[in-house]
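Just below is one structure, and these are the notes that go with it.
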Amino acid sequence: MNYTSQEVKQFVEEEDVKFIRLAFCDVFGKQKNISIMPGELDRAFREGIAIDAWAVAGFDCFDRSDIFLHPDPQTLAILPWRPEHGRVIRMFCDITWPDGSPFLCDTRGYLKKAVEYAARKGYSFRFGTEQEFYFFKSDMEGERTDIPYDKAGYMDIGPEDRGENIRREICITLEQMGIYPESSHHEEGPGQNEIDFKYCDALKSADDSITFRGVVKAIAGRNGVYADFMPKPLNERPGNGMHINFSVKFGENSAPLSPVIAGILENIRALTFFMNPIKESYDRLGNLMAPGYITWARENRSVLIRVPAASGEYERGELRSPDTMSNPYLAYALIIYAGMDALEEKKEVSPSTDVNLYRATEEELADLDKLPTSLSEAAKAAMESDFIHKYLPEEILKAYIDRAQNNNLLG
């Protein structure tokens, strides 16, 4: 909504706002927040609000645990599901150390640096996500059962699709928060849904992705349903993906997608560790419509990156491997850096794979490179990647490695 700090303060006063949520994400993309009262807003904008971050996942600051949250006034949004009297608003925050220096595990700040890096060279990237999720019936305590909310299939309608009214409420809520869905429908799995939203600049798109997950969970819970974003909620059923659509401009003109696709494909084995960051991610990859090979093509939905039928400003690539456990700030930043490397080196993408990989013979698949098939394999690729060590702060890499090791997932 592009508010200034002064306009936020005026809004709080005029709209009966009683609670201000200062939102941020841990290094893995899970949203956190602290609520302040209106009387603290001046201090928040002037010097930031200090928090003790020692228990925030991946922040690893036991010996220096105080960090400061600085609200970004342009991210102001009302939380429509909270009471109208004594309203609640939310702003995303930048994170610094007490001396004002950037906190390196702030992945939102990391994405901002990637956007600035591309802008200095004349480029801008735009993103849009397609996020899938399941609805399950809840028990008396509001916890998830193993029973899907319906038995409908791909793009079915009511009454088989029992989630359409909940999706409608989610889309209306998103619009009230300044996020504009393009489409929504029932997905292939029982109780599985998808909502796609309009592409926009990288930072807003990542903020919207994080907001989206919170809205889905809140509205589902209000309807007595549990929303599950895990990569593989049901065995033998499709997993939840977070397809990332991307495009790039040079100045005011569209830039070629070919080098960007080449840069992503060249580094995708290392990127997979961050875009498919948990053990269950690898139950999804390579199964039931999720990609397993490092390929690209136009329109072909069986490849890793497809280029949908469009031209000019609507031309885009669609990366189909990430899942809904990935941190969009981190995913977008890595795509930008991979694309910028390839644009500067004027790389061209390899020939497209114009076969249906779901029905391909072993002979047709023999020469194709595969995505990692386990978290351990993906971690090894990331640790051995010159690209990752060049562009990703070691603190973030260490956080991801430590989480996998602490859960005994690296073998």
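Of the residues listed (D201, D208, D207), the one engaging K204 in a salt bridge (Lys or Arg N to Asp or Glu O under 4.0 Å) is D208, and it is the only one. Across H243, E130, M242, a single residue satisfies side-chain contact (heavy atoms from CB on, under 4.5 Å) together with R320, and that is H243. Here the options are Y123, Y337, Y110, the test is ring pair (Phe, Tyr, Trp, His ring centres under 6.0 Å), and the partner is Y117; only Y337 passes.
A centroid separation of 6.0 Å or more is found between the aromatic rings of F45 and H70. Ring centroid separation for the pair F127 and Y199 does not come in under the 6.0 Å cut-off.
With sequence neighbours excluded, the residues satisfying side-chain contact (heavy atoms from CB on, under 4.5 Å) with A378 are T272, F273, Y282, P372. The side-chain contact (heavy atoms from CB on, under 4.5 Å) search around E13 returns none, not counting sequence neighbours.
Residues Y180 and L174 fail the side-chain proximity criterion, which asks for heavy atoms closer than 4.5 Å. Counting heavy atoms from C-beta outward, F246 and Y332 have side chains that stay 4.5 Å or more apart. Looking at heavy atoms from C-beta onward, M289 lies in side-chain contact with E188 at the 4.5 angstrom threshold. A heavy-atom distance below 4.5 Å is not found between the side chains of V88 and I78. For the pair T96 and L69, the minimum side-chain heavy-atom distance is 4.5 Å or more. For the pair M177/V215, a side-chain contact is recorded, criterion being any heavy-atom separation below 4.5 Å from C-beta on. Counting heavy atoms from C-beta outward, L257 and V349 have side chains that stay 4.5 Å or more apart. With contacts defined as side-chain heavy-atom distances shorter than 4.5 Å, the pair M91/L76 qualifies.
Panel note: side chain E7, backbone T4; a donor-acceptor pair is recorded below 3.5 Å. The closest donor-acceptor contact from the side chain of T145 to the backbone of K137 lies under 3.5 Å.
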Using the ring-ring contact (aromatic ring centres under 6.0 Å, His included) rule, take F68 and F103 through it: C-alpha gap first, then chi angles, then the decisive distance, then the call. CA-CA 9 Å; F68 278 72; F103 180 62; over 10 Å; no
Salt bridge (charged side-chain N to carboxylate O under 4.0 Å, His left out) assessment of R298 paired with E315: CA-CA 11 Å; R298 293 187 178 275; E315 186 179 31; 3.6 Å; yes
Going through the distances and angles, do F24 and N33 end up as a side chain to side chain contact (heavy atoms under 4.5 Å, CB included)? CA-CA 6 Å; F24 64 101; N33 70 250; 5.7 Å; no
Could you walk me through whether L392 and L330 pass side chain to side chain contact (heavy atoms under 4.5 Å, CB included), step by step? CA-CA 9 Å; L392 186 68; L330 189 53; 3.5 Å; yes
Criterion salt bridge (charged side-chain N to carboxylate O under 4.0 Å, His left out) on R108 and D72, from CA distance to verdict: CA-CA 11 Å; R108 187 173 188 269; D72 180 348; 3.1 Å; yes
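Applying the side-chain hydrogen bond (donor to acceptor under 3.5 Å, both in side chains) test to pairs two or more places apart or on separate chains, those with a residue in residues 216-230 are R144-D228, E169-R222, E169-N223.
One finds no salt bridge joining K198 and E182 here, because no Lys/Arg side-chain nitrogen approaches an Asp/Glu carboxylate oxygen to under 4.0 Å. Remark: K232 does not engage E280 in a salt bridge, criterion side-chain N to carboxylate O under 4.0 Å. Under a 4.0 Å N-O distance rule, the pair D26/K30 does not qualify as a salt bridge. The pair K151-E160 does not count as a salt bridge, with every side-chain nitrogen at least 4.0 angstrom from each carboxylate oxygen. A salt bridge links E40 to R43: one of the charged nitrogens lies within less than 4.0 Å of a carboxylate oxygen. A salt bridge links K112 with D94: at least one charged nitrogen is closer than 4.0 Å to a carboxylate oxygen. Under the 4.0 Å criterion applied to side-chain N and carboxylate O atoms, R167 and D161 are assigned as salt-bridge partners. Between E187 and R237, no side-chain nitrogen of the basic residue sits less than 4.0 Å from a carboxylate oxygen of the acidic one, so the salt-bridge criterion is not met.
Checking R213 against Q31 by side-chain atom types alone, no donor-acceptor pair falls below 3.5 Å.
Geometrically, K370 engages Y293 in a cation-pi contact, judged by NZ or CZ lying under 6.0 Å from the ring centre and within 45° of the ring axis. A cation-pi geometry, defined here as NZ or CZ lying under 6.0 Å from the six-membered ring centre and within 45° of its normal, holds between R403 and F28.
How far CD1 of I179 is from OG of S205: 9.5 Å, rounded to the nearest 0.5 Å.
The aromatic rings of F133 and F229 lie tilted to each other, with the angle between the two planes from 30° to 60°. Note: F136 and Y134 have parallel aromatic rings, judged against thresholds of 30 and 60 degrees for the angle between ring planes.
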